[in-house]
Amino acid sequence: MSKKFYITTPIYYPSARPHLGHAYCTTMCDIIARGKRLRGYETFYLTGLDEHGEKIQKNAEAAGVTPQEFVDRIAVTFQNLWKTLDISNDDFIRTTQPRHEKTVQKIFSHMVKNDDVYLSSYSGWYCVHEESYWTETQVGEEHVCPECCRPVEKKEEPAYFFRCGKYLDRLLDIYNSNPKFITPEGRKAEMVNNFIKPGLMDLSVSRTTFSWGVPILEADKHVIYVWLDALSNYITGLGFWQEDDSNFQKFWMDPETEIVHVIGADITRFHTIYWPMFLESLGLRQPNRVFVHGLLMMKDGKMSKSRGNVIYVEDLVNRYGVDAVRYFMARNIIFGLDGEFTPESFVETINVDLANNFGNLLNRTISMIEKYFGGEIPQISGNLNDLDKNLHETALKTIQSYEVYNDDLKVTEAYGAVMNLVSAANKYIQDSEPWTLAKDETKKDLLASCMSHLAHVLFLAATLLKPILVTKSDLAFDQLGIPKELRTYEAAVALNKLGGLKVAKGEPLFPRLNANEEIEYLKEVISSPKEKAAA
């Protein structure tokens with residue numbers, strides 16, 4: 001039985017053109033998905049858009065178009081951005097697609113028959129932006145949303161409600177039986193203390209004050225409220241209750257499949273309280289983990305078009321390449337914590353890690369193999385000194401750390417371990433002094449061992465970094481002379497496959513940037529980002 005892995009991003013709200021903040025989650029999920037595929041997992045990666053709701057309807061009215069026309073325009077900008085970032089998603093779900101809408105109607109009908117929803121009325125303070133109702137206590141005297149601090153409005157309407165109390169004990173069992181169900185684990189305490197202990201209210205799952213949503217077959221003028229609609233994408237995108245449900249059977253119904261939802265902190269409540277209850281209502285298994293990532297911040301706070309502090313991915317990729325942008329997101333922001341984008345940190349990361357460390361190691365190694373061995377990688381010698389043994393041991397430990405960290409979704413630490421190996425290889429050159437060994441014919445074997453070890457470390461590092469460096473790793477393989485059939489995880493971790501291959505020096509993978517010039521460019525891009533019309 002093959003190892004299987006299913007990962008999802010939240011489905012994004014298409015209210016405006018996406019920026020680097022939107023791209024962060026999708027890129028991190030892509031790196032995780034590619035890493036699993038690299039190691040032989042059969043992987044399915046889903047992302048998409050949450051296209052219903054009052055906010056979309058109002059934005060469309062303001063733009064003078066229909067809601068469908070509005071979301072169609074925005075959807076193109078998201079899909080183009082994922083192409084720009086070389087995102088390897090297997091599907092792109094849109095909640096306006098018939099395959100989704102019809103299944104959501106079936107889900108709602110099932111809940112009606114199961115007595116999990118009932119018709120009543122709702123009165124409370126509503127935030128259009130967050131698509132959430134709040135109590136008088138939560139909005140305070142100023143009547144602002146506790147999530148986004150925008151003004152809320154008093155609303156009363158008939159609505160269907162989901163019986164949360166029916167599944168509360170089961171939810172707590174899920175928390176207790178799987179300590180990593182919510183990660184980072186501190187998020188679980190937030191859910192319990194802020195929402196469950198004070199008394200969890202039944203959830204409104206329909207609306208009547210707007211029409212842009214999935215119609216409820218059991219009642220006129222009701223549309224299915226955004227959270228039941230949106231959260232269901234994780235199973236409708238696999239074909240749940242559809243004619244072709246092969247992916248659902250393969251990736252959700254197999255208990256051996258690892259299922260991971262990656263989300264932002266502002267939607268933790270819906271994914272870790274209500275989504276598990278919906279799945280229980282449907283008699284389906286739970287995901288293994290809901291991972292809450294941090295925010296990509298600017299110096300003046302959260303990246304936001306209204307703040308005027310956004311930076312668009314296209315500006316970065318066009319100037320620095322897709323690999324550099326992906327690498328910055330993976331390495332400079334610890335996955336699960338908030339991080340900050342600054343022009344200084346972006347340029348420093350490219351120069352220090354990619355140009356000076358990884359790129360320089362490749363250039364030096366290729367040059368020395370060409371100079372000392374006519375461009376042919378020597379066989380690994382049995383005559384190893386302590387420096388050779390230490391580098392080999394470091395490589396083996398890196399492989400182990402890489403797998404353990406990635407399996408625990410510690411993405412930043414996993415690729416940090418790889419870069420530590422690259423740093424160790426650069427130090428190994430200084431300590432081994434191959435230029436000195438080359439002057440002594442009796443030390444030819446030591447020189448051969450040195451070059452062989454460096455080539456194998458580069459092969460390993462480029463392979464482990466390939467989920468991030470989607471184009472540059474292949475260029476590194478080209479320079480090392482590695483044939484296509486050998487560019488596998490199994491070959492790289494063997495650390496003994498390259499003897500006799502011919503290297504071919506090429507252009508530097510990451511030319512060093514002029515720091516002052518690039519920092520000024522980035523400051524200009526942030527202060528006045530280039531708006532590009534949607535295709």
Side-chain angles (χ1 to χ4, degrees), residues 4 6-14 44-53 56 67-68 71-72 75 78-79 89-119 131 159-163 167 203-207 210-254 257 259-261 263 267 270-271 273-287 290:
K4 292 192 279 291
Y6 177 43
I7 188 168
T8 72
T9 70
I11 50 174
Y12 303 104
Y13 215 58
F44 197 96
Y45 173 24
L46 179 70
T47 188
L49 296 179
D50 172 12
E51 298 186 341
H52 290 130
I56 293 294
Q68 190 65 58
V71 294
D72 285 347
F78 276 87
Q79 291 172 309
N89 55 295
D90 296 282
D91 201 352
F92 187 86
I93 184 79
R94 297 177 60 186
T95 58
T96 56
Q97 292 170 332
R99 61 167 172 162
H100 174 82
E101 291 190 340
K102 291 178 181 178
T103 306
V104 169
Q105 287 176 324
K106 292 178 183 178
I107 289 172
F108 190 89
S109 296
H110 167 87
M111 290 179 174
V112 170
K113 293 176 183 177
N114 205 35
D115 194 31
D116 285 335
V117 297
Y118 61 93
L119 184 61
E131 299 278 8
Y160 280 89
F161 288 79
F162 183 85
R163 299 185 191 276
Y167 296 103
L203 178 70
S204 171
V205 291
S206 78
R207 298 292 304 278
F210 63 89
S211 59
W212 183 239
V214 179
I216 290 177
L217 301 178
E218 288 79 3
D220 290 337
K221 298 182 180 179
H222 283 259
V223 295
I224 296 173
Y225 183 41
V226 63
W227 289 109
L228 178 56
D229 173 10
L231 290 165
S232 298
N233 92 89
Y234 301 129
I235 52 178
T236 65
L238 290 176
F240 177 62
W241 281 349
Q242 296 166 38
E243 184 175 350
D244 181 2
D245 69 347
S246 55
N247 282 327
F248 179 75
Q249 295 297 328
K250 179 187 296 184
F251 291 102
W252 198 282
M253 293 304 290
D254 185 344
T257 301
I259 301 174
V260 174
H261 299 315
I263 62 168
I267 52 176
F270 302 99
H271 283 78
I273 294 179
Y274 304 119
W275 178 231
M277 291 182 172
F278 295 163
L279 290 171
E280 289 297 315
S281 172
L282 293 168
L284 299 178
R285 63 164 289 188
Q286 297 293 329
V290 179

Please determine whether side chain to side chain contact (heavy atoms under 4.5 Å, CB included) holds for the pair Trp227 and Ile267, giving the CA-CA distance in whole Å, both sets of side-chain angles, and the decisive distance to 0.1 Å.
CA-CA 10 Å; Trp227 289 109; Ile267 52 176; 3.4 Å; yes

Going through the checks in order, is the side chain to side chain contact (heavy atoms under 4.5 Å, CB included) test met by Ile235 and Phe278?
CA-CA 11 Å; Ile235 52 178; Phe278 295 163; over 6 Å; no

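Counting all heavy atoms, side chain and backbone alike, Asn247 lies closest to Leu238 at CB-O, 3.5 Å. Between Thr103 and Phe240, the shortest heavy-atom contact is CG2-O, 3.1 Å. Counting all heavy atoms, side chain and backbone alike, Thr257 lies closest to Lys250 at OG1-O, 3.2 Å. Of all the heavy atoms in Ser206 and Ile216, the pair that sits closest is CB-CD1, 3.5 Å. Across all non-hydrogen atoms, the minimal contact from Ile93 to Gly237 is CD1-CA, 4.0 Å. Of all heavy-atom pairs between Met111 and Ser281, the closest is CG-OG, 3.6 Å.
The ring pair (Phe, Tyr, Trp, His ring centres under 6.0 Å) check on Tyr167 picks up Phe162, with sequence neighbours excluded. Here Asp115 pairs with Arg163 under the side chain to side chain donor-acceptor pair (under 3.5 Å) rule; sequence neighbours left out. The side chain to side chain donor-acceptor pair (under 3.5 Å) test applied to His52 returns Glu101, Asp229, not counting sequence neighbours.
Counting heavy atoms from C-beta outward, Leu282 and Trp241 have side chains that approach closer than 4.5 Å. Two residues are said to be in side-chain contact when any heavy atoms from C-beta on lie closer than 4.5 Å; Asp91 and Phe44 meet this criterion. Between Leu228 and Tyr274, the closest side-chain pair of non-hydrogen atoms is not below 4.5 Å. Residues Glu218 and Tyr160 form a side-chain contact, since some pair of their non-hydrogen atoms from C-beta on lies under 4.5 Å apart. Counting heavy atoms from C-beta on, the side chains of Ile259 and Tyr234 never come closer than 4.5 Å. Taking 4.5 Å as the limit, every side-chain heavy atom of Leu49 sits out of range of all side-chain heavy atoms of Val71. Side-chain contact between Asp72 and Arg94 is present, with heavy atoms from C-beta onward closer than 4.5 Å. The shortest side-chain heavy-atom distance between Val223 and Phe210 falls under the 4.5 Å cut-off.
A donor-acceptor contact closer than 3.5 angstrom is absent between the side chains of Thr236 and Gln242. In this model, a donor atom of one side chain and an acceptor atom of the other lie less than 3.5 Å apart for His261 and Trp275. No donor-acceptor contact under 3.5 angstrom links the side chains of Asn89 and Thr47, judged on distance only. For Glu51 and Gln97, the side-chain atoms include no donor-acceptor pair closer than 3.5 Å.
We find the CD1-CG distance between Ile7 and Leu46 to be 10.5 Å, quoted to the nearest 0.5 Å. Taking OG1 from Thr8 and CD1 from Ile263, the interatomic distance works out to 9.0 Å, rounded to the nearest 0.5 Å. Rounding to the nearest 0.5 Å places CG of Leu203 at 9.5 Å from CE of Met277. A distance of 9.5 Å separates OH of Tyr45 from CG of Asp90, quoted to the nearest 0.5 Å.
Ser232 places no side-chain N or O within donor-acceptor distance of the main-chain N or O of His100, the cut-off being under 3.5 Å. With Gln286 contributing its side chain and Leu279 its backbone, the two residues share no donor-acceptor pair below 3.5 Å. The closest donor-acceptor contact from the side chain of Lys4 to the backbone of Asp254 lies at 3.5 Å or more, if one exists at all.
The existence of a salt bridge linking Arg99 and Asp244 is excluded, since no basic side-chain nitrogen approaches an acidic carboxylate oxygen closer than 4.0 Å.
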